[in-house]
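Note sheet for the following structure.
Protein chains get the first letters and strands the later ones, always in sequence-line order, with residue 1 at the start of each.
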Protein chains: 2
Amino acid sequence: MKTEEISRVLFEKGLKVTPQRIAVYEAVARLNNHPTAESIIKYIRKTYPNISTATVYKVLDAFTEKGLVNRVKTEKDMMRYDAVLESHHHLYCSETDRIEDYHDEQLDNILKNYFEEKGISDFKVEDIKLQIVGKFLKS
Amino acid sequence: MKTEEISRVLFEKGLKVTPQRIAVYEAVARLNNHPTAESIIKYIRKTYPNISTATVYKVLDAFTEKGLVNRVKTEKDMMRYDAVLESHHHLYCSETDRIEDYHDEQLDNILKNYFEEKGISDFKVEDIKLQIVGKFLKS
DNA sequence: TGTCAAAAGAGAATCATTCTCTTTTATAAA
DNA sequence: TTTATAAAAGAGAATGATTCTCTTTTGACA
């Protein structure tokens, strides 16, 4: 993704365009395996050695608030982030920390119809995400 | 749940039966809203004032390993626990930290059949959990 | 009842994340 | 283009949940 394109995205979200924010956005988009803050910082420092950890956390928070990234729920005490492209599900390895995206429009429709028809009492569904736990057969 | 019953469960899992473990098990079973370690500790200390936090964490880890409790994935940096009764889904409030269980056998069957038929390439599904995000209409 | 590995206890250590305070900078108006 | 200013970045301390270390206690079995 080109810098100008990222700038436009930030601007459209009402975020001040700064080199740090561009770098974070680029890192999250590039590191596609749901990176931790740590790996994002490590990646950025290759080209921007002095960026502060606090800055990266603050930028990630701002992005999360604006819906540019999502926090990924995990069972560990380290947060992981996800460049939001569209709503999707996650495959979790039951043995390692690996997490992969899973897109399935057919499934989304089935679920959407199911809950539209059946509903959940006293609850208004806004979004459904599957955590599919299992084993990856290839690396 | 009676103490003897808990003892039996622990014994069957190959865990040494201690008063602390019984207390933790009882707390997790009793506190049904996916308690944090903190609230588990607080609950236990009402009847067992001197239990060490380290002990509670160690017990929760042991239980997690044996499948007696589950860690609940959240976007916050505080772990939450869940007494494992049977596989179930979670309703997450999009505005607060509230999490409720959601059981739906019909849905489980739909999903089971769907993935059995369709499969996911290079992935062996072991368990499917839904995170249903939305709003609770009643407290 | 004695033995001993496992568990509990206490408090320090860890470490991801957040906060505080200062300096810098992007933005928009003059 | 310069200026004003609120927002953002930076540095390092603070926080706080969780883990670790080391010692003492205890459950389980001989």
Residue pair A:Tyr81/B:Pro19 against DNA chain C: nearer the 5' end by closest nucleotide is B:Pro19
Does NZ or CZ of A:Arg30 come closer than 6.0 Å to the centre of the six-membered ring of A:Tyr43, within 45° of the ring's axis? no
Let me test you: for the helix from C:dT1-D:dA30 to C:dA30-D:dT1, what is the angle between the axes at its two ends (five pairs each), rounded to 10 degrees? 40°
Gap between atoms CZ and P, on B:Phe63 and C:dA6 respectively (whole Å): 17 Å
Whole Å only: how far is the CG atom of B:Leu15 from the P atom of D:dA28? 10 Å
Find the distance A:Lys76:NZ to C:dA16:P and express it as a whole number of Å. 13 Å
Can you tell me if CD on A:Glu12 sees more than 12 non-hydrogen neighbours from other groups inside 6.0 Å? yes
Nearest-nucleotide comparison on DNA chain D, the residue closer to the 5′ end among B:Val17 and B:Asp61: B:Asp61
Where along residues 24-59 of chain A does a heavy atom come under 4.0 Å from DNA chain C, residue by residue in number order? A:Ala37, A:Ala54, A:Tyr57
Any A:Thr18 side-chain heavy atom under 4.5 Å of A:Val59 side chain: no
Do the side-chain N and O atoms of B:Asp108 and B:His103 include a donor-acceptor pair separated by under 3.5 angstrom? no
May I ask you to check whether over 12 heavy atoms, not counting those of A:Glu116, lie within 6.0 Å of atom CD? yes
If you check every side-chain atom of B:Gln20, which of D:dA7, C:dA6, C:dG9 has the closest atom? C:dG9
What is the distance, rounded to the nearest whole Å, between atom CZ of B:Arg71 and atom P of D:dT18? 8 Å
Counting only side-chain nitrogens and oxygens, does A:Thr18 get under 4.0 Å of the OP1 or OP2 atom of D:dA9? yes
Write down the distance between CZ (A:Arg21) and C1' (C:dT24), rounded to a whole number of angstrom. 14 Å
How close or far is atom C1' of D:dT19 from atom CD of A:Glu75, stated in whole angstroms? 18 Å
Over 12 foreign heavy atoms within 6.0 Å of CD, B:Glu126: yes
Rounded to whole Å, how long is the line connecting atom CE of B:Met79 with atom P of C:dT17? 12 Å
Does B:Lys118 NZ have over 12 foreign heavy atoms under 6.0 Å away? yes
Whichever hydrophobic residues join B:Val133 through chains of side-chain contacts under 4.5 Å: B:Val72, B:Tyr92, B:Ile99
Residue pair B:Leu60 / B:Val28, side-chain heavy-atom distance below 4.5 Å: yes
What is the distance from NZ of B:Lys16 to C1' of D:dG27, rounded to the nearest Å? 5 Å
